[in-house]
Amino acid sequence: MTSIKNRSKKAGLAPGTLIHMGRAKEGTTKVDLVHYDETHLDKHPVTSVDECLIKKDIPGVTWINVEGLADLEVLRHFGSCYGIHPLVLEDILATDQRPKAADYGEYLYVVLKMIALDEGGTEIKSEQVSLVLGQNYLISFQEGLEGDVFEQVRARLVNEKARLRAQGADFLLHALLDVIVDHYFLVLETLADRIEDIEDELIDNPTTATVQAIYRLKRQLLFLHKVFWPLREVVSSLQRRDSLLIHDTTVIYLRDLYDHTVQVLDTLETLREMLSGMLDIYLSSVSNRLNEVMKVLTIIATIFMPLSFIAGWYGMNFKGMPELDSPYGYPAVFALCLTIAGGMLVYFKKKRWL
């Protein structure tokens, strides 16, 4: 529904018209610049977007990270300085994009989702990340949510001996994609632990809260499937080197990244199958508990059927019934009831119905 609502806001506007959609209008816009080569590293926040243009033609690799999409003028400035097509800028602002990769000749556009869990580890947070790869630069656009997973890449850049420092911008693209995909494994691992806890609860004491937790996890895994599945094709297109911006030295690492995406999908499908099986287990468990209750009630009713017959028979109060006048009538009937009840219990136990 969110996607439909966002797209409906574009109705009647010319393609490439920049307007805020989804969460893009929230927060502020912050720009950080990192310029590096094998021997030098320069990183600092950017106060003027013109500073990013100065670094464009300097030898080395320039990484510009834009957090927050609230300032449309900043996006327009990047679009004009780096020749980014208005339709690409429109996709960057539309935070409901399906993961994809598009080759525009002078630059390559990649969009995917950064996934994380909230502090309680129960709800999934997603943030769209758009990457624009040029010959010697890479611009990453984030929605501006608190935190990201790029700290590992920033830490590697500090190390002069890191392979990342000696490679081009395409290898930086691989590094960013790699940390995002690796973080998928952490999220799936947390969800797997929750599934194991629910599985134990299913065996011990399943309740309605248990099935609610199962359905909540099924919705989360369905969302992750929509995020993860297209990413495999994205990485596959990159490793096929459809773009001249991807060099041979990076292709082998993209193949490894492709294997990681396949592992993520395999893990996700395994968790989804486990949840489906757990739902069947819950239904079977509820059915077995109902059967146990019905069995106990049936045994109790069966035992009391002959006792009720005897009580009803001697409760008719006819004067001609000789047992009513006998001094041993009551104890005899009481003993008969006990004998019948005890005999039926022994019979049921012998048949292993108890």
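Note that the numbering runs from 1 along the sequence shown for the chain.
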Does a donor on one side chain and an acceptor on the other come within less than 3.5 Å for [X] and [Y]?
X	Y	answer
Asp42	His40	no
Thr250	His174	no
Asp170	His247	yes
Thr210	Glu201	yes

Does [X] have more than 12 heavy atoms from other residues, nucleotides or ligands lying within 6.0 Å of its [atom1]?
X	atom1	answer
Glu106	CD	no
Leu244	CG	no
Ile310	CD1	yes
Arg154	CZ	yes
Phe223	CZ	yes
Phe304	CZ	no

With the side chain counted from C-beta on, respond yes when [X] and [Y] share a heavy-atom pair under 4.5 Å apart, and no when they do not.
X	Y	value
Val149	Met114	yes
Leu131	Leu176	yes
Gln142	Ser130	no
Leu245	Leu173	no
Ile252	Asp256	no
Ile64	Phe78	yes
Asp37	Val61	no
Leu231	Tyr184	yes

Smallest separation among heavy atoms of [X] and [Y], with atom names:
X	Y	result
Ala213	Ile198	CB-CD1, 3.7 Å
Leu164	Val153	CD2-CG1, 3.8 Å
Thr39	Arg165	C-NH2, 3.6 Å
Asn136	Gly60	CB-O, 3.4 Å
Ala341	Leu307	CB-CD1, 4.4 Å
Gln128	Asp91	NE2-O, 3.3 Å

Rounded to the nearest 0.5 Å, what separation is found between the [atom1] atom of [X] and the [atom2] atom of [Y]?
X	Y	atom1	atom2	result
Ile195	Lys218	CD1	NZ	10.0 Å
Asp148	Glu127	CG	CD	7.0 Å
Arg194	Ile214	CZ	CD1	11.5 Å
Leu275	Arg216	CG	CZ	11.5 Å
Leu268	His225	CG	NE2	6.5 Å
Tyr137	Tyr107	OH	OH	8.0 Å

Just do the salt bridge (Lys or Arg N to Asp or Glu O under 4.0 Å) check on Glu143 and Lys125 with the steps written out, would you? CA-CA 12 Å; Glu143 292 184 44; Lys125 301 186 300 181; over 6 Å; no
Please check: side-chain N/O of [X] versus main-chain N/O of [Y], any donor-acceptor pairing under 3.5 Å?
X	Y	result
Asp118	Glu123	yes
Asn291	Ser287	yes
Gln97	Val111	no
Ser236	Arg232	no
Ser80	Arg76	yes
His85	Gly79	no

Salt bridge (Lys or Arg N to Asp or Glu O under 4.0 Å) evaluation trace for Asp96 with Lys113: CA-CA 9 Å; Asp96 58 347; Lys113 296 289 185 180; over 6 Å; no
Where do Trp63 and Leu157 land on the side chain to side chain contact (heavy atoms under 4.5 Å, CB included) test, with the steps shown first? CA-CA 11 Å; Trp63 174 22; Leu157 285 174; 3.9 Å; yes
Between Asn65 and Val31, is a side chain to side chain contact (heavy atoms under 4.5 Å, CB included) present by the stated rule, with each step listed? CA-CA 6 Å; Asn65 185 51; Val31 181; over 6 Å; no
Full working for side chain to side chain contact (heavy atoms under 4.5 Å, CB included) between Leu41 and His35: CA-CA 6 Å; Leu41 173 66; His35 182 82; over 6 Å; no
With side-chain contact (heavy atoms from CB on, under 4.5 Å) as the test, pick out the partner of Leu257 among Val235, Val234, Ile180. Val235
Linked, directly or transitively: [X] and [Y] (ILVMFWY side chains, under 4.5 Å):
X	Y	answer
Leu224	Phe185	yes
Leu338	Tyr347	no
Leu221	Tyr215	yes
Met305	Phe348	no
Met344	Phe309	yes

Hey, are Lys30 and Asp71 close enough for a salt bridge, meaning a charged N less than 4.0 Å from a carboxylate O?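 Between Asp71 and Lys30 there is no salt bridge, as every charged N stays at least 4.0 Å from the carboxylate O atoms.
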Could you tell me whether Arg240 and Glu233 make a salt bridge, using a distance below 4.0 angstrom between a side-chain N and a carboxylate O? yes
Check the pair Val74, Leu69 against side chain to side chain contact (heavy atoms under 4.5 Å, CB included), reporting the backbone distance first and the verdict last. CA-CA 8 Å; Val74 172; Leu69 307 174; over 6 Å; no
